[in-house]
Amino acid sequence: MTYYLGADLGATKTHTLIVDETGRALGFGASGSGNHEDVGYDGMFNSMQQGLDMALHSAGLIKADIAGAGFGVAGYDWPSEQEATAAAINKLGLNAPYKFVNDAVLGLVAGAEEGWGVVVVSGTGSNCRGWDHEHKREGRVTGHGVLMGEGAGGSELLHRGMQLVGYSWSKRGPGTALADALVKHVGAKDLEDLMRGYTTHEYPIGAESAPIVFRVAEEGDAVARELVHWAGYELGEMANAVIRQLEFENLAFDIVMTGSMFQGGPLLIDPMRETIHNFAPKARLVRLHVPPVIGAIILGMEANNRKATSSIRNTMADTISSVRNVSVRQS
């Protein structure tokens, strides 16, 4: 029997999973942030080490038992970071081949039926990556949101939303029920007090307020509906950029959607789908319904020249809850 390790290093938490060669989950570990941009490479290593120790202990295994490993690393955005990332992983002392990718790619590997295509992440922030069938060519955006004018996670949605509320206050734009909803949300006296407190950072309004936008949109407010439509269009354009890089526009492939924003349903997804299908009509939009750490396991198997069959994928999805109740990451 051979065993495989996968680790999903997120901005807020790290999930580590060990399975056997059939895909049966044996051990799990949960630890802190693995994003070097937040905790440094030493913090990244410490989080990986803690998760690895927990997973090995619960599986009753030692490091020498691991035959292949895969890592999805938040903050691994540029080739210039490859050497430092590999050095942190090497410190774990695994005597096994491994692969590592940006953490967004895990959703693609885990969620696409054939393990290739495009993934669109829309949670607190947003990102988009793509892989060809052979996992040789990658398409991508920077993943830096407002700074680079990319996509729409909850942060970008509220950044633009507060601009529209500001237009309502100054009479530059139409009134919106979103203003009253956010006044109530932060406990402001009125709309002017909301503007004052927001611009002086007394009233922080960010991604956590995204459900308010969707609620007001569902109630029929025109400004909120247009705002959500804008978000869907932006996500679609981000996907189209990656599709264009990989020359997928005439192919049938999966676009995996992952992140809490997609809980907004058709108001967000329909304009995204329309934008994509105008360019790539054969693309299939699918939601990610398994934890991304499963994608890391698949990479670990691939590092050891083992294919994750449909049976192995199904076994992982069916048994991961036996070692830990892990939900699909929402951020």
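Computed from a predicted structure; not experimentally measured.
Under a cut-off of 6.0 angstrom, the local environment of OH in Tyr233 is sparse, with at most 12 non-hydrogen atoms contributed by other residues, nucleotides or ligands. Residue-environment remark: NE2 (His57) stays at or below the threshold of 12 foreign heavy atoms within 6.0 Å. Enclosure of atom CD in Glu113 is not indicated, since only 12 or fewer non-hydrogen atoms of other residues, nucleotides or ligands lie within 6.0 angstrom. Dense packing is recorded around CD of Glu134, with more than 12 heavy atoms of other residues, nucleotides or ligands lying under 6.0 Å away. Environment of CE in Met1: crowded, with over 12 heavy atoms of neighbouring residues, nucleotides or ligands closer than 6.0 Å.
Judged purely by distance below 3.5 Å, without hydrogens or angles, the side chains of Thr22 and Asp20 pair a donor atom with an acceptor atom. No hydrogens or angles considered: nothing links the side chains of Glu274 and Asn278 as a donor-acceptor pair under 3.5 Å.
Between Arg215 and Glu219 there is a salt bridge, with a side-chain nitrogen of the basic residue lying less than 4.0 Å from a carboxylate oxygen of the acidic one. Ion pairing of Asp132 with Lys136 is absent here, as no side-chain N (NZ or NE/NH1/NH2) approaches a carboxylate O to less than 4.0 Å.
Using a distance-only test at 3.5 Å, with no hydrogens or angles considered, a donor-acceptor pair links the side chain of Asn240 to the main chain of Thr275. Remark: side-chain polar atoms of Asp65 are paired, donor with acceptor, to backbone N or O of Ile62 under 3.5 angstrom. A donor-acceptor pair under 3.5 Å is formed between the side chain of Arg225 and the backbone N or O of Ala217. At least one donor-acceptor pair closer than 3.5 Å links the side chain of Arg287 to the backbone N or O of Phe262. A distance-only check finds a donor-acceptor pair linking the side chain of Arg306 to the backbone of Glu21 [under 3.5 Å]. Between the Thr315 side chain and the Ser311 main chain, a donor and an acceptor come within less than 3.5 Å of each other.
Taking the six-membered ring for Trp and thresholds of 30 and 60 degrees, Phe248 and Trp116 have ring planes more than 60 degrees apart, a perpendicular arrangement.
Across all their heavy atoms, Thr14 and Ser33 have their closest contact at OG1-C, 4.0 Å.
Among residues two or more places apart in sequence or in another chain, the side chain to side chain donor-acceptor pair (under 3.5 Å) test is passed with His135 by Glu302. Partners of Phe214 according to the ring-ring contact (aromatic ring centres under 6.0 Å, His included) rule, which considers only residues two or more places apart in sequence or in another chain, do not exist here. For His229, there are no ring-ring contact (aromatic ring centres under 6.0 Å, His included) partners two or more places apart in sequence or in a different chain.
Of the candidates Thr142, Asn102, Asn127, Asn102 is the only one forming a side chain to side chain donor-acceptor pair (under 3.5 Å) with Asp77. Shown are Asp180, Val223, Leu178; of these, the side-chain contact (heavy atoms from CB on, under 4.5 Å) with Val165 is made only by Leu178.
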inquiry  = Run Glu234 and Glu156 through side-chain contact (heavy atoms from CB on, under 4.5 Å) and show every step you take.
reply    = CA-CA 10 Å; Glu234 288 294 319; Glu156 292 82 23; over 6 Å; no
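Note: Leu267 CG to Leu227 CG = 11.0 Å, rounded to the nearest 0.5 Å. Atom CZ of Phe45 is separated from atom CG of Leu9 by 12.0 Å, given to the nearest 0.5 angstrom. Atom CE of Met162 sits about 11.0 Å away from atom OH of Tyr203, to the nearest 0.5 Å.
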